[in-house]
Amino acid sequence: MMRPAAADLLAWYDRHRRALPWRAGPGERPDPYRVWASEIMLQQTTVTAVKPYFERFMARFPTVQALAEAPSEAVMQAWAGLGYYSRARNLHACAIAVVAEHGGRFPDSEEGLRALPGIGAYTAGAVAAIAFDRPAAAVDGNVERVMTRLFAIEDLLPGARPLLRERVLVMMPQDRPGDFAQALMDLGATICTPRNPACGLCPWREPCRARAEGTQESFPRKAAKKAGVTRKGAAFVLLRADGALLLRTRPPKGLLGGMAEVPTSEWRADYELDGAWQDAPVVTRWEQLSPPVRHVFTHFPLELTVFKASAPAGTQAPAGMRFTPLAALGEEPLSGVMVKVLEAAGLYASSKTR
DNA sequence: CACCCGTGGCT
DNA sequence: TAGCCAAGGGT
């Protein structure tokens, strides 16, 4: 069996590379700012979901300087709906650091990039390779799949990651590191897919060990993870007579950090709905809506029962909360679950084009 | 290392 | 349907 050659992958890439908004055309110089921003957005997020956000984000913050100077609320709002909101906070912090500590230019080395907030091993390698053509390994989910299949690596992930980095570096073509990194990802995304991989179209179909054994879909091997326990809670939608909604901002860190929400109870597995009135922000006549809003986070399902009430004009917001006009709701950083709550209360049209 | 951290699309 | 998966990082 022949050993896989980078040249075969690059030849395939030259014919089948995807045209993506953040990707420079053949022979073009990539913009490190756009490469970096796209890599952050693409962390655990699909290309389809990222595209519209990326376009809006670049229109709103065209340069790293513009992003660094923007208020954090504007950054969070531009990110709202994409998920993993610590990425947005770190993205902003990173832009500020690049301007303050690097004169507005991204470091061109893996180590320099790795030291910036929100940039880990993968993203440092990806930006170094793609934006600066450095021979760096960028091992993401795609590359894990491609490499474990190519060499039939039985080791469990994520433990096998260092080994995969070594394999990538050994194969790295010194003349086209950036294209090699992107080619590996394109191969994983379009040919070497998790299910029903198109092995017949793969440039590495001959040397692929897993394909030779017919076991390609069994890779990569992963340790099993346990399911989360459903948490429950109550959400309180209070609409004032002048058309303003009671909102508050979540703490800066942790779940949905820095995002806007209607007041809610705690979210617990043993939450008792009978006592929900004690968690309401004001004492009034609350109407319980049904069915409850369901949402699935990475680690647990959530079931929120929505209560709705109206307040007279002139009502003051309780401490730590604020009234926001419904017309200005689009400027609030609302997470997916809060959009569901407001939809359940009939206050939000699911335009999905915020 | 184990756990936390969103959301949407797929089979 | 329920689970899996996606260009992961921080702690």
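Naming convention: chains lettered A, B, ... in sequence-line order (proteins, then strands); numbering from 1 in each chain.
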Nearest to the P194(A) side chain among dC5(B), dA7(C), dC5(C), which nucleotide is it?
dC5(C)

Contact class for A121(A) vs. all strands (heavy atom < 4.0 Å): base, sugar-phosphate, or nothing?
sugar-phosphate

Separation of dC5(B) atom P from H299(A) atom NE2, nearest Å, is 8 Å

Taking for each residue the nucleotide of DNA chain C with the nearest heavy atom, is it K253(A) or M185(A) whose nucleotide lies nearer the 5' end?
M185(A)

Would you mind checking if E213(A) and R149(A) are paired as a salt bridge, meaning a charged N to carboxylate O distance below 4.0 Å?
no

Can you say whether a donor on the side chain of R18(A) sits under 3.5 Å from an acceptor on the base of dA7(C), or the other way round?
yes

Pick base, sugar-phosphate or nothing for N90(A), based on heavy-atom distances below 4.0 Å to the nucleic acid.
sugar-phosphate

Any N or O donor-acceptor pair under 3.5 Å from the base of dG6(B) to the side chain of T45(A)?
yes

Nearest whole angstrom, please: distance from the C1' of dG6(B) to the CE of M41(A).
15 Å

Whole-Å distance separating the CH2 atom of W36(A) from the C1' atom of dG8(C):
15 Å

Specify the separation, in whole Å, of atom OH of Y84(A) and atom P of dG9(C).
12 Å

Would you kindly compare G257(A) and R195(A) by the position of their nearest DNA chain B nucleotide and give the one closer to the 5′ end?
G257(A)

Heavy atoms under 4.0 Å, any strand shown: does I119(A) hit a base, just sugar-phosphate, or nothing?
sugar-phosphate

I would like to know whether K308(A) and E287(A) meet salt bridge (Lys or Arg N to Asp or Glu O under 4.0 Å); could you show each step before the answer?
CA-CA 5 Å; K308(A) 188 178 182 182; E287(A) 175 194 4; over 6 Å; no

For V337(A), which contact category applies under a 4.0 Å heavy-atom criterion: base, sugar-phosphate, or nothing?
sugar-phosphate

Using a cut-off of 4.0 Å on non-hydrogen atoms, how would the nucleic acid contact of S38(A) be classed: base, sugar-phosphate, or nothing?
nothing

Give a yes/no on whether any side-chain N or O of Q44(A) is located under 4.0 angstrom from OP1 or OP2 of dG8(C).
yes

Check every atom of dC5(C), dG8(C), dG6(B) against the side chain of K222(A) and return the nucleotide holding the closest atom.
dC5(C)

The side chain of E39(A) lies closest to which of these nucleotides: dA7(C), dC5(C), dT7(B)?
dA7(C)

Without swapping roles, check the side chain of H92(A) against the backbone of A70(A) for a donor-acceptor pair under 3.5 Å.
yes

W267(A) atom CH2 is separated from dC4(B) atom P, nearest whole Å, by 15 Å

side-chain hydrogen bond (donor to acceptor under 3.5 Å, both in side chains) between R87(A) and Q43(A): does it pass, once the steps are laid out?
CA-CA 9 Å; R87(A) 291 187 298 170; Q43(A) 287 168 5; 4.9 Å; no

Of all the choices, dG6(B), dC4(B), dG9(C), which nucleotide is nearest to the side chain of L256(A) once you look at every atom?
dG6(B)

With the side chain of H295(A) defined as its heavy atoms from C-beta on, choose the nearest nucleotide among dG9(C), dT7(B), dA7(C).
dT7(B)

Whole Å only: how far is the CZ atom of R294(A) from the C1' atom of dG8(B)?
19 Å

N or O in side chain of Y85(A) less than 4.0 angstrom from dT7(B) OP1/OP2
yes

Under the 6.0 Å and 45° cation-pi test, does R231(A) pair with Y271(A)?
no

Need one value for W79(A): base, sugar-phosphate or nothing, where a base atom within 4.0 Å counts as base even if backbone is also close, heavy atoms only.
nothing

Check: T298(A) side chain, dG6(B) base, donor-acceptor under 3.5 Å:
yes

From CD of E217(A) across to P of dC4(C) the rounded distance in Å is 15 Å

Lys/Arg N to Asp/Glu carboxylate O, K232(A) vs E303(A), below 4.0 Å:
no

May I have the distance from Y53(A) (atom OH) to dA7(C) (atom P), rounded to whole angstrom?
19 Å

